[in-house]
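A short worksheet on the structure shown next.
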Amino acid sequence: MPRPFADTYTFNHAVEKDGAVTFECTQDSDIWPWLSLPPTHPILIQTVNFWASFDSGVFLDEFRADAWTALTRLEWTCGSVEVGLPRSGRYASFQEEDRARYTLQLRDEAGAVVADYAGQGVTFRTRNFENWRGKAKKKLRDPSPPTLGYAAAQQVGVATSSESFLAPLSRSQGSLATHGLITKENGLRPAHPYIGGSGDHVNSTHMGEIARQFGQLLFDRPLPHLGGMMKLKHYVELGVMFEVALKSQTETAFEISVHQAGRLCAEVAWTFR
């Protein structure tokens, strides 16, 4: 896939005997503003996962310019609340035809684990990606953009109302659910202070933040992030309303489903301290 941004988050890559890649992580928050977030904040955790795995894959020459990749499953565990920002990491990948699995570990300056990841993705090698995506997006776009009554900033734990992605929770027939809407105007830099992306669709960083905001609405308090699991089944389109529903919850975990246009697009399990 084409490189989406000229700058690189990781540097000093080296290949170990087993084929894994080690690297260092930049601390430049001017280029990467999400580095100003707490080390285990889901926006940082998900964004680092993308850039560290992407940079390492490029270093290993795993990507083709005419082939697009998509993350389909991700599991992650965060370090302690005292952990610092990522300073170094290790990436290992396992190719299986058009599917790939990888592991990623990030450590802070003291050597403590910031996060462990295990991911799986798929590569579109023969499909005309841009044409296919254009048709898919056109099917869901309404002539006039939808509007949503977003939850107040303090309800979802963000600094400004423009960073809220979800409406307040509603109860219908005994279930808890809400609607969400992410657009280029509220979900991507420069409109959003931290989240970037291709602009093609709602991405995994958005999904992590959707889960965090839903959890804060559900428990009515901030939830210290411990880890989770994400299954990405279908693209969620920007500028199109989606529904987030609670599947299950315990005292330290919950799981949500994300539907758009009647189709199950994602499931996210979330654990917290």
Side-chain angles (χ1 to χ4, degrees), residues 9-10 18-23 25 34 37-57 60 62 69-81 83 85-86 88-108 112-123 195 197 201-216 218 223-236 244-258 264-273:
Y9 169 66
T10 59
D18 63 358
V21 173
T22 59
F23 55 83
C25 306
W34 37 266
L37 293 169
T40 59
H41 192 288
I43 289 179
L44 187 147
I45 288 293
Q46 295 298 329
T47 304
V48 170
N49 169 64
F50 172 79
W51 284 112
S53 59
F54 179 77
D55 288 348
S56 299
L60 290 172
E62 292 179 343
T69 62
L71 183 68
T72 57
R73 182 184 175 94
L74 180 66
E75 297 178 59
W76 69 96
T77 303
C78 301
S80 70
V81 293
V83 76
L85 287 171
S88 63
R90 186 178 188 274
Y91 166 89
S93 62
F94 316 90
Q95 297 292 324
E96 298 172 350
E97 297 181 351
D98 282 349
R99 297 190 179 275
R101 294 182 293 112
Y102 70 91
T103 59
L104 175 67
Q105 185 177 82
L106 301 167
R107 293 182 177 270
D108 68 7
V113 173
V114 180
D116 277 306
Y117 306 83
Q120 181 175 302
V122 63
T123 301
I195 301 179
H201 57 274
V202 171
N203 59 40
S204 58
T205 300
H206 289 123
M207 284 295 169
E209 179 62 359
I210 286 168
R212 187 199 65 76
Q213 292 189 17
F214 188 96
Q216 183 148 339
L218 178 64
L223 305 178
H225 184 201
L226 181 59
M229 185 274 293
M230 189 182 299
K231 295 178 184 178
L232 304 173
K233 301 174 178 292
H234 193 274
Y235 285 115
V236 175
V244 186
L246 179 68
K247 292 185 65 179
S248 63
Q249 73 175 92
T250 67
E251 291 183 354
T252 58
F254 64 91
E255 185 174 1
I256 58 172
S257 61
V258 180
L264 176 61
C265 296
E267 295 172 305
V268 185
W270 189 268
T271 58
F272 54 92
R273 295 179 176 89

Going by salt bridge (Lys or Arg N to Asp or Glu O under 4.0 Å), name the residues that satisfy it together with E267, two or more places apart in sequence or in a different chain.
K233, K247
Within this structure, what is the OH-CG distance for the pair Y235 and N203, rounded to the nearest 0.5 Å?
10.5 Å
Test of understanding: with side chain to side chain contact (heavy atoms under 4.5 Å, CB included), list the residues that count as partners of T22, not counting sequence neighbours.
A14, E16, R90
Let me confirm one number: the CE-CG distance from M230 to L74, rounded to the nearest 0.5 Å.
6.0 Å
Could you tell me if the side chain of H206 sits less than 4.5 Å from the side chain of V236, heavy atoms only?
no
When you measure from the side chain of Y117 to the backbone N and O of I45, does any donor-acceptor pair fall under 3.5 Å?
yes
Could you state the interatomic distance from OG1 (T47) to NE2 (H41), rounded to the nearest 0.5 Å?
10.0 Å
If you define the side chain from C-beta out and look only at heavy atoms, does anything of Y91 sit under 4.5 Å from L60?
yes
Just so I know, are the side chains of R212 and L223 near enough to count as touching, which here means a heavy-atom distance under 4.5 Å?
no
For R273, which residues count as a salt bridge (Lys or Arg N to Asp or Glu O under 4.0 Å) partner, sequence neighbours excluded?
none
CD of E75 to CD of Q120, rounded to nearest 0.5 Å, is 10.0 Å
By ring-ring contact (aromatic ring centres under 6.0 Å, His included) - contacts of F272 (at least two apart)
F219
With sequence neighbours excluded, tell me which residues meet ring-ring contact (aromatic ring centres under 6.0 Å, His included) with F214.
none
A253 meets the side chain to side chain contact (heavy atoms under 4.5 Å, CB included) criterion, sequence neighbours left out, with T250, T271
For P42 and G208, which heavy atoms make the closest approach, and how far apart are they?
CB-O, 4.0 Å
Taking only residues two or more places apart in sequence or in another chain, which ones pass side chain to side chain contact (heavy atoms under 4.5 Å, CB included) with S248?
E255
Compare all side-chain heavy atoms of V48 with those of W34 and state whether any distance is below 4.5 angstrom.
yes
Can you sort out the partners of T10 under side-chain hydrogen bond (donor to acceptor under 3.5 Å, both in side chains), two or more places apart, ordered by chain and number?
H13, D55
Sequence neighbours excluded, which residues qualify as side-chain hydrogen bond (donor to acceptor under 3.5 Å, both in side chains) partners of W76?
H225
Heavy atoms only: give me the nearest A211-I256 pair and the separation to one decimal.
CA-CD1, 3.9 Å
Are C25 and Y9 side-chain neighbours, meaning at least one heavy-atom pair lies under 4.5 Å?
yes
Name all residues meeting the side-chain hydrogen bond (donor to acceptor under 3.5 Å, both in side chains) criterion together with D108; count only those two or more places apart in sequence or in a different chain, and write none if there are none.
none
Heavy-atom side-chain proximity of V268 to I210 below 4.5 angstrom:
no
Give, for atom CD1 of I43 and atom CD1 of I195, the distance between the pair rounded to the nearest 0.5 Å.
4.0 Å
Report the residues that fulfil side-chain hydrogen bond (donor to acceptor under 3.5 Å, both in side chains) with T72, sequence neighbours left out, ordered by chain and then residue number.
none
Gap between atom OG of S204 and atom CZ of F50 - 0.5 Å precision
8.0 Å
Who passes side chain to side chain contact (heavy atoms under 4.5 Å, CB included) against T40, sequence neighbours left out?
C78, V83
